[in-house]
K.L.:
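Got a structure here, written out as structure tokens. Questions coming.
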2 protein chains.
Amino acid sequence: MNSSLQKPSSRTRILEAAADEFIQYGLSGGRVDRIAKRARVNKAMIYYYFSSKDNLYQAIIDAHLGRLGDELQASIDESAGLEENLLAISRIYLRVLTENSRYLPIMLRELAADDSTFRKSLERMVSERSLPERFLAMLEEGKRSGRFRDCDNRQAVISFMGMNLFYLLLAPIVNSIWKIGNEEEFREKRPREVVELFMRGIERRDSNVG
Amino acid sequence: MNSSLQKPSSRTRILEAAADEFIQYGLSGGRVDRIAKRARVNKAMIYYYFSSKDNLYQAIIDAHLGRLGDELQASIDESAGLEENLLAISRIYLRVLTENSRYLPIMLRELAADDSTFRKSLERMVSERSLPERFLAMLEEGKRSGRFRDCDNRQAVISFMGMNLFYLLLAPIVNSIWKIGNEEEFREKRPREVVELFMRGIERRDSNVG
DNA sequence: AGCTATTATTTAAATGGTTAGTTAAACTAA
DNA sequence: TTAGTTTAACTAACCATTTAAATAATAGCT
């Protein structure tokens, strides 16, 4: 199809412009004419390279998700200690979603649709790397070692994810509601705060062995 | 305009059908003809009662947000103890977002748009009831009383909100990824788990006064 | 190198289905 | 009578997609 060695200037420009368009207006709100204009390309070029609007949209979703997958690859480093692992995860989510913050609107919209291929791909990506299992295993190990109190692992993990992702996904509104002036600073401090809260939250207290 | 005493059957049916439509397809994806069909009403009726598609959409957003606001009214009961307060908040979010889960797609899409009136209304609603301030004050009080350790209040609050809202907003995907079989049960347990994690997370440990 | 056949890219201009919005007349009930 | 409600048919703009022809680029051959 499209060997990755060449530099197909038009094709690339179309992809860039389409990303902008779909991020701003969504799939059904996005206009092919506007994409062509932004890409400084004749509209028919879009149908030449991608054969339909839906196809073009899908190409963007795929590219984005592929990138996300690669970046999350190193998500859990089993060799490190438990707290370090959590911190590493927290930092990776921070970095990946900060660097890709441009795509947040598209991701939220896709997450809102219940039939979206994005959701399916995301689920596949996550389960292929068995992130949930590895995560649960970490907690289980913490329990066995006696460091963690007894609690529902799933509830705990989802709380941890929520602490991390809620802010990263909805930063604009959250910043506005909670009057976060210096977002950058707030963002950087987030992993430490989250991990500390979480660790203290699940750690057994010193003499609690009934 | 439209006095709230009568029972304008057509008008109501239009609103219902439009909600369904926009929830499923969004504003730009929603079709007026389909709404008319679903409402068993001539398309012109839609323009008779609401004068444009955007207006109709806005009417639905407004109605929904008004209802949300009313239901969140009792959000913080200052008289109760701190932990009880958090639990009450957690439960209210749970109830409100569970009862309105139908509207989640529309909310997520609106949150994704950076110019949405929904976002502005949401921010106004929250700040009119000064929820952020009251929340921060609760934490501050906990610190003064010596019960809470020293930490960034804003970070803590946002973590709390994240634990609660992340799951409620994205339940379908989260359930799928984390293999939550019995969603209802999981949901019901959530407030207690969240509050316990959070309280333990910010409570000072017994002899920690450096 | 030059000439040619073939393939890739680009363009301007349609096409035609879709869709928000309109009109003007008819019906209904107070 | 009068105001509110409903209908069928219409319109005009919009917008994804196509067509057919032109222009570059490339490879093959002598």
Side-chain angles (χ1 to χ4, degrees), chain A residues 1-62 106 109-110 113 115-118, chain B residues 1-62 106 109-110 113 115-118:
Chain A
M1 303 274 169
N2 34 9
S3 64
S4 44
L5 282 175
Q6 277 102 312
K7 183 202 53 143
S9 178
S10 288
R11 194 175 189 281
T12 311
R13 282 214 308 288
I14 291 171
L15 279 170
E16 266 307 307
D20 282 347
E21 178 76 8
F22 290 134
I23 284 166
Q24 191 170 2
Y25 300 104
L27 170 55
S28 49
R31 298 291 168 245
V32 176
D33 293 84
R34 223 154 33 197
I35 292 170
K37 205 171 183 179
R38 285 207 218 194
R40 284 165 297 127
V41 140
N42 189 287
K43 191 170 34 157
M45 292 299 294
I46 290 170
Y47 292 88
Y48 175 69
Y49 284 116
F50 313 88
S51 37
S52 72
K53 185 189 175 188
D54 292 86
N55 244 315
L56 174 57
Y57 183 75
Q58 198 54 49
I60 282 156
I61 296 271
D62 290 348
I106 241 179
R109 274 190 296 257
E110 284 293 317
D115 59 334
S116 83
T117 59
F118 175 84
Chain B
M1 306 277 165
N2 34 10
S3 65
S4 44
L5 282 175
Q6 278 101 310
K7 182 202 56 143
S9 177
S10 287
R11 194 176 189 280
T12 312
R13 281 213 309 286
I14 291 171
L15 279 170
E16 266 306 306
D20 281 346
E21 177 77 7
F22 290 135
I23 284 165
Q24 190 170 2
Y25 300 105
L27 170 55
S28 49
R31 297 292 170 243
V32 177
D33 292 86
R34 219 152 39 193
I35 293 171
K37 204 169 183 180
R38 283 205 219 195
R40 283 165 297 127
V41 139
N42 188 288
K43 185 167 47 153
M45 293 297 296
I46 290 170
Y47 292 90
Y48 175 67
Y49 284 116
F50 312 89
S51 38
S52 72
K53 183 190 176 188
D54 292 87
N55 244 315
L56 174 57
Y57 183 75
Q58 198 54 48
I60 282 156
I61 296 273
D62 291 347
I106 240 178
R109 275 191 295 257
E110 284 293 316
D115 58 333
S116 84
T117 59
F118 175 85

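Residue numbering restarts at 1 for every chain, and letters A, B, ... go by the order of the sequence lines. Since this is a predicted model, take the numbers as computed values, not measurements. Atom set for the values below is all heavy atoms of this structure, side chains included, hydrogens, waters and symmetry mates excluded.
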K.L.:
Quick one: A/Tyr48 OH to D/dA24 P, roughly how many Å, whole number?
P.N.:
15 Å
K.L.:
Which of these passes salt bridge (Lys or Arg N to Asp or Glu O under 4.0 Å) with B/Asp33: B/Lys43, B/Arg38, B/Lys53?
P.N.:
B/Lys43
K.L.:
Atom CG of A/Asn42 and atom OH of A/Tyr48: how far apart are they, to the nearest 0.5 Å?
P.N.:
13.0 Å
K.L.:
Report the distance from atom CZ of B/Arg40 to atom C1' of D/dT6, rounded to the nearest whole Å.
P.N.:
15 Å
K.L.:
Any donor-acceptor pair under 3.5 Å between the side chain of A/Lys53 and the base of D/dT17?
P.N.:
no
K.L.:
Picking from D/dA16, C/dG21, C/dT9, which would you name as closest to the side chain of B/Lys43?
P.N.:
C/dG21
K.L.:
How long is the line joining CE of A/Met45 and P of D/dT18, in whole Å?
P.N.:
16 Å
K.L.:
May I ask you to say what B/Gly30 touches in the nucleic acid, namely base, sugar-phosphate or nothing, with a heavy-atom cut-off under 4.0 Å?
P.N.:
sugar-phosphate
K.L.:
Please report, rounded to the nearest Å, how far the P atom of C/dT9 is from the CD1 atom of A/Ile14.
P.N.:
11 Å
K.L.:
How about B/Tyr49 and B/Leu15: do any of their side-chain heavy atoms sit closer than 4.5 Å?
P.N.:
no
K.L.:
Write down the distance between CG (A/Asn42) and P (C/dA14), rounded to a whole number of angstrom.
P.N.:
14 Å
K.L.:
I want to check one thing: is the phosphate of C/dT10, taken as OP1 and OP2, less than 4.0 Å away from some side-chain N or O of A/Tyr49?
P.N.:
yes
K.L.:
What is the distance from atom CZ of A/Phe22 to atom CD1 of A/Ile35, rounded to the nearest 0.5 Å?
P.N.:
4.0 Å
K.L.:
Can you check the A/Ile35 CD1 to D/dC15 P distance for me, whole Å?
P.N.:
12 Å
K.L.:
Looking at side-chain heavy atoms only, is the closest gap between A/Tyr25 and B/Ser28 below 4.5 Å?
P.N.:
no
K.L.:
Would you tell me if any nitrogen or oxygen in the side chain of A/Ser10 comes within less than 4.0 Å of OP1 or OP2 on C/dT9?
P.N.:
no
K.L.:
Between A/Arg31 and D/dA16, does any side-chain N or O lie under 4.0 Å from OP1 or OP2?
P.N.:
yes
K.L.:
Round to a whole Å and report the spacing from OH of A/Tyr47 to P of D/dC15.
P.N.:
12 Å
K.L.:
I need the CG-C1' distance between B/Asp33 and C/dT19, as an integer number of Å.
P.N.:
6 Å
